[in-house]
2 protein chains.
Amino acid sequence: MAAMKNTITQAAIDLFFKKGYYATSISEIAGACGIQKASIYYHFASKEDLLFTIMHDTMAALTAYLRRNLERVSGIEKRMRRAVSCHVHFHLEHQKETFIASSELRGLCRSNYLEIVAMRDQYEGIFQELIAAGTRRGVFAPCDVKILSYAILTLCTAGAFWFKPEGRLTVDEIATIYENFIISGLKQGRIEPLPA
Amino acid sequence: MAAMKNTITQAAIDLFFKKGYYATSISEIAGACGIQKASIYYHFASKEDLLFTIMHDTMAALTAYLRRNLERVSGIEKRMRRAVSCHVHFHLEHQKETFIASSELRGLCRSNYLEIVAMRDQYEGIFQELIAAGTRRGVFAPCDVKILSYAILTLCTAGAFWFKPEGRLTVDEIATIYENFIISGLKQGRIEPLPA
DNA sequence: TTTTACCTAACGACCGGTCGGTAACCTCGG
DNA sequence: CCGAGGTTACCGACCGGTCGTTAGGTAAAA
């Protein structure tokens with residue numbers, strides 16, 4: 001039951017991704033679902049509510065995905081590698097949603113905006129803790145944690161802007177490239193002790 | 001003469017940056033200039049023409065700035081360092097314009113869109129040639145040129161999204177952090193010959 | 001006299017959102 | 001097993017408002 005609510009959400013995701021939130025009208029979304037625009041308001045309180053729901057669910061799924069994948073991984077470098085990999089995978093495999101979540105923040109009113117930003121900050125916090133722990137233990141070179149975390153996250157997030165599923169490289173290949181690039185940057189030229 | 005045209009452009013830059021292109025109305029821009037909205041159309045053919053002008057001028061200035069700064073720099077690594085530094089400097093010192101140029105592409109019709117994208121591709125090409133030359137000569141580790149160039153550019157471009165002029169770090173400090181981070185990533189763990 | 005740089009007023013289109021209505025389905029007392 | 005009453009999920013029509021844009025006019029400058 002309420003299958004239509006999912007249909008609406010999916011249509012909205014497709015259209016917000018393709019045309020942007022402001023350029024998409026409620027009647028377009030309704031048209032894509034084969035219903036009248038008034039019927040949208042049975043399922044959602046407003047256009048912004050629809051956007052907020054998409055963003056909120058996406059951020060919740062993203063954070064849960066990362067936490068779940070880090071559960072049984074130990075060692076700073078391994079954890080950071082896994083975190084980057086997860087970040088890339090989620091963003092490329094849920095390209096439309098993550099694109100919307102990171103580019104349509106301006107469509108939200110103040111309270112909704114603050115809620116999404118809080119979720120984003122919490123997610124970023126996981127990376128910042130990893131970086132901080134790594135520098136404390138000498139695995140990573142000393143650095144500015146905030147700047148580096150922004151760098152790492154926006155780097156991978158940006159993938160959702162240009163990624164094409166039918167493109168030259170697989171998600172796994174891209175994730176590996178980013179993983180190595182970032183780990184190198186975090187270590188900053190220090191000479192590696194040879195593995196045993 | 002035509003001082004008002006500059007006033008309008010600047011007001012549009014401020015408002016597009018603060019609220020976004022779609023959320024900004026012509027009458028708001030006019031209001032910020034102390035004129036009526038119809039008068040905007042004496043200086044610009046349409047709202048999109050205003051956006052396009054901003055983007056076009058910004059991209060032209062960005063490319064010219066980079067070329068000018070690379071003119072007398074030799075050596076792959078030095079050139080790449082300079083290029084990254086320029087990219088960061090320009091994006092943070094012209095934060096509003098570059099933010100608009102990289103986030104409002106959807107406001108353009110097809111032909112205008114293609115023109116701006118062509119300028120962007122040309123700019124990206126400078127970085128891609130640097131990366132390719134670096135890998136050929138063994139200065140950088142072998143890598144996927146396209147992916148790495150996207151990575152480098154979006155990394156720094158993203159600065160325009162969160163940078164606050166009154167913030168903790170200066171533009172120079174941020175540029176240096178990025179410079180080192182990127183060079184490390186491009187060299188990918190290879191052991192540096194000690195400088196003489 | 002022509003051009004420049006603005007104005008007032010209005011237009012048509014479209015937008016998000018609301019209203020009253022309704023057909024189909026579910027529930028439950030008799 | 002029935003049917004009354006409520007609930008679910010939609011529809012068509014409409015509203016107030018805003019938007020980008022245009023038409024026509026005007027006062028000053030060239």
Side-chain angles (χ1 to χ4, degrees), chain A residues 1-56 100 103-113 115-116, chain B residues 1-56 100 103-113 115-116:
Chain A
M1 56 202 80
M4 183 55 77
K5 187 162 184 174
N6 290 328
T7 306
I8 293 169
T9 306
Q10 201 53 54
I13 289 172
D14 287 347
L15 285 164
F16 290 167
F17 176 70
K18 202 195 311 178
K19 313 183 50 179
Y21 174 68
Y22 280 107
T24 302
S25 67
I26 289 286
S27 48
E28 271 179 296
I29 298 169
C33 300
I35 58 174
Q36 294 298 314
K37 69 171 177 172
S39 308
I40 300 278
Y41 291 87
Y42 177 76
H43 298 281
F44 294 94
S46 64
K47 190 187 179 189
E48 193 197 325
D49 181 38
L50 185 45
L51 176 64
F52 176 72
T53 302
I54 293 169
M55 286 186 162
H56 182 276
I100 294 166
S103 66
E104 299 290 7
L105 270 170
R106 277 203 285 224
L108 302 174
C109 69
R110 180 154 179 80
S111 67
N112 282 341
Y113 170 83
E115 194 165 335
I116 298 296
Chain B
M1 58 206 79
M4 184 54 78
K5 187 161 183 173
N6 291 328
T7 306
I8 293 168
T9 306
Q10 201 53 55
I13 289 172
D14 286 347
L15 285 164
F16 290 168
F17 176 70
K18 201 194 315 176
K19 313 182 50 179
Y21 174 68
Y22 281 107
T24 302
S25 67
I26 288 286
S27 48
E28 272 180 295
I29 298 170
C33 300
I35 58 174
Q36 294 299 312
K37 66 174 176 172
S39 308
I40 300 277
Y41 290 86
Y42 177 76
H43 298 281
F44 294 93
S46 64
K47 189 186 179 190
E48 192 197 326
D49 181 38
L50 184 46
L51 175 65
F52 176 72
T53 301
I54 293 169
M55 285 186 163
H56 182 275
I100 294 165
S103 66
E104 299 290 7
L105 272 170
R106 278 202 284 224
L108 302 174
C109 69
R110 181 155 177 79
S111 67
N112 282 342
Y113 170 83
E115 195 166 334
I116 299 296

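All values below were derived from every heavy atom in this structure, side-chain atoms included, with hydrogens, water molecules and symmetry-related copies excluded.
Side-chain contact between A/Phe52 and A/Glu115: present, with at least one pair of heavy atoms (C-beta onward) separated by less than 4.5 Å. Residues B/Ile29 and B/Ile8 are in side-chain contact: their nearest non-hydrogen atoms beyond the backbone lie under 4.5 Å apart. Under the 4.5 Å side-chain criterion, counting only non-hydrogen atoms from C-beta, B/Phe16 is in contact with B/Ile54.
Comparing the local axis fitted to the first five base pairs of the helix from C/dT1-D/dA30 to C/dG30-D/dC1 with the one fitted to its last five gives a bend of 0°, rounded to 10°.
The separation between B/Lys37 atom NZ and C/dA9 atom P is 13 Å, rounded to whole Å.
Remark: A/Asp49 pairs with no residue by the salt bridge (Lys or Arg N to Asp or Glu O under 4.0 Å) rule, at least two apart or across chains. Scanning for salt bridge (Lys or Arg N to Asp or Glu O under 4.0 Å) contacts around A/Lys19 gives A/Glu28, with sequence neighbours left out.
Contacts of residues 38-51 of chain A with DNA chain D (heavy atom under 4.0 Å): A/Ala38, A/Ser39, A/Tyr42, A/His43. Contacts between residues 16-35 of chain B and DNA chain D, defined by a heavy-atom separation under 4.0 Å, are made by B/Thr24, B/Ser25, B/Ile26.
For the residue pair B/Glu104 and B/Gly20, the shortest heavy atom distance occurs at OE2-CA, 3.3 Å. For A/Thr7 against A/Cys33, the heavy-atom pair with the smallest separation is O-SG, 3.8 Å.
For the pair A/Lys5 and A/Phe44, the cation-pi criterion (under 6.0 Å, within 45° of the ring axis) is fulfilled. The side-chain tip of A/Lys47 does not point at the ring of A/Tyr41 from less than 6.0 angstrom away and within 45° of straight on.
Phosphate contact (OP1/OP2 of C/dT8, side-chain N/O of B/Gln36, threshold under 4.0 Å): present.
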Show me the donor-acceptor pairs, under 3.5 Å and distance only, between side chains in residues 105-112 of chain A and residues at least two apart or in other chains.
{"from": "A/Arg106", "atom 1": "NH1", "to": "B/Phe17", "atom 2": "O", "distance (Å)": "2.8"}
{"from": "A/Asn112", "atom 1": "ND2", "to": "A/Glu48", "atom 2": "OE2", "distance (Å)": "2.8"}

